[in-house]
Amino acid sequence: MSKPVRIATRAIILHEYRLLLVNAWGGGVSDLWCAPGGGVEPHSALPENLKREVYEETGLTVSVGEICLVNEFHAPEKDFHQIDVYFRCQITDGNIDKNWRDPEGIVTKRQFFSRTEMAVIRFKPDSLSDVAFSPETAISYDALEPLIR
């Protein structure tokens with residue numbers, strides 16, 4: 001029997017024309033970056049889940065705006081499939097502190113990247129930079145991508 005599809009929320013947070021990213025894998029096992037966020041808890045609205053996840057991973061309080069991207073990724077060999085819903089967010093309180101600790105211990109790095117800097121790092125999903133730095137009103141959709149480390 002297949003595992004249920006996992007749903008997660010992610011934040012597009014631009015500050016001074018730079019996008020906030022966090023390490024995608026804990027323990028330094030990868031140089032892959034992603035937008036902050038994580039799995040939704042049942043019976044809690046997506047924006048509330050996202051506020052909680054952003055705070056846990058970054059120490060920042062955010063307001064959640066419009067949906068801008070839906071992305072799917074999977075690892076068939078692990079029976080894993082996740083749908084990420086990305087929202088545009090604004091920082092309402094806090095600053096990035098390198099000493100901040102994610103209670104789950106997954107996120108150990110958080111950093112703002114310019115679009116130029118993103119051209120030389122690994123990140124997922126592939127459309128992240130285009131969506132983040134082109135704030136159009138239409139929602140983008142990324143078809144199923146393979147899970148990478």
Side-chain angles (χ1 to χ4, degrees), residues 5-75 78 80-142 145-149:
V5 174
R6 184 174 191 261
I7 300 173
T9 56
R10 302 246 172 234
I12 300 290
I13 302 171
L14 285 175
H15 179 69
E16 297 177 354
Y17 304 103
R18 298 167 71 84
L19 178 64
L20 180 61
L21 299 177
V22 298
N23 60 289
W25 298 94
V29 298
S30 175
D31 63 348
L32 188 67
W33 293 86
C34 66
V40 300
E41 292 181 357
H43 314 292
S44 180
L46 296 177
E48 296 310 312
N49 277 282
L50 185 54
K51 288 178 186 179
R52 182 196 75 251
E53 287 287 342
V54 168
Y55 184 77
E56 287 174 0
E57 293 181 358
T58 68
L60 299 174
T61 303
V62 296
S63 62
V64 178
E66 297 297 317
I67 294 173
C68 58
L69 172 64
V70 175
N71 172 257
E72 292 185 83
F73 63 94
H74 71 135
K78 296 180 181 179
F80 181 81
H81 183 165
Q82 180 165 307
I83 299 170
D84 286 341
V85 181
Y86 288 74
F87 291 82
R88 295 195 186 281
C89 296
Q90 297 291 321
I91 299 170
T92 58
D93 191 38
N95 295 297
I96 294 298
D97 178 353
K98 66 180 181 179
N99 296 316
W100 181 262
R101 296 292 175 250
D102 173 3
E104 293 183 14
I106 296 169
V107 171
T108 56
K109 296 186 286 186
R110 53 209 58 79
Q111 182 177 334
F112 284 97
F113 291 90
S114 68
R115 190 167 197 169
T116 303
E117 292 167 330
M118 287 187 69
V120 297
I121 64 168
R122 287 185 346 116
F123 61 86
K124 279 293 182 184
D126 294 340
S127 66
L128 183 58
S129 183
D130 290 338
V131 169
F133 292 101
S134 301
E136 294 136 9
T137 56
I139 298 173
S140 294
Y141 170 71
D142 279 339
E145 291 186 23
L147 179 68
I148 65 170
R149 189 173 290 235

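None of these values were measured; they are calculated from a predicted model.
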Does the side chain of Cys34 come within less than 4.5 Å of Val22's, by heavy atoms? yes

Taken in chain and number order and not counting sequence neighbours, the residues that satisfy side-chain hydrogen bond (donor to acceptor under 3.5 Å, both in side chains) with Ser44 are Asn49

Please collect all ring-ring contact (aromatic ring centres under 6.0 Å, His included) contacts where either partner lies in residues 82-105, sequence neighbours excluded, each pair once. Tyr55-Trp100

Give a yes or no on whether the backbone of Glu66 and the side-chain of Arg88 come within a donor-acceptor separation of less than 3.5 Å. no

With Ser127, which residues qualify under side-chain contact (heavy atoms from CB on, under 4.5 Å), at least two apart? Leu69, Pro125, Val131, Asp142

Using the test side-chain contact (heavy atoms from CB on, under 4.5 Å), find all partners of Ala11 that sit at least two apart in sequence or belong to another chain. Ile13, Pro36, Leu50, Val54, Cys89

Considering residues at least two apart in sequence or located in another chain, which fulfil the ring pair (Phe, Tyr, Trp, His ring centres under 6.0 Å) criterion with Phe112? His15

List the residues meeting side-chain contact (heavy atoms from CB on, under 4.5 Å) with Tyr17, not counting sequence neighbours, and say none if there are none. none

Could you give all pairs that pass the salt bridge (Lys or Arg N to Asp or Glu O under 4.0 Å) test and reach residues 126-135, with sequence neighbours left out? Arg115-Asp130, Lys124-Asp126

Could you work out, with salt bridge (Lys or Arg N to Asp or Glu O under 4.0 Å) as the rule, every residue matching Arg110, not counting sequence neighbours? none

Test side-chain contact (heavy atoms from CB on, under 4.5 Å) applied to Ile121 - qualifying residues, sequence neighbours left out: Leu21, Trp33, Phe113, Met118, Phe123

Could you give all pairs that pass the salt bridge (Lys or Arg N to Asp or Glu O under 4.0 Å) test and reach residues 38-53, with sequence neighbours left out? Glu41-Arg52, Glu48-Lys51, Arg52-Glu56

Quick one: which residue pairs count as a salt bridge (Lys or Arg N to Asp or Glu O under 4.0 Å) with a foot in residues 93-108, not counting sequence neighbours? none

Tell me, please, which residues at least two apart from His81 pass side-chain hydrogen bond (donor to acceptor under 3.5 Å, both in side chains). Glu72

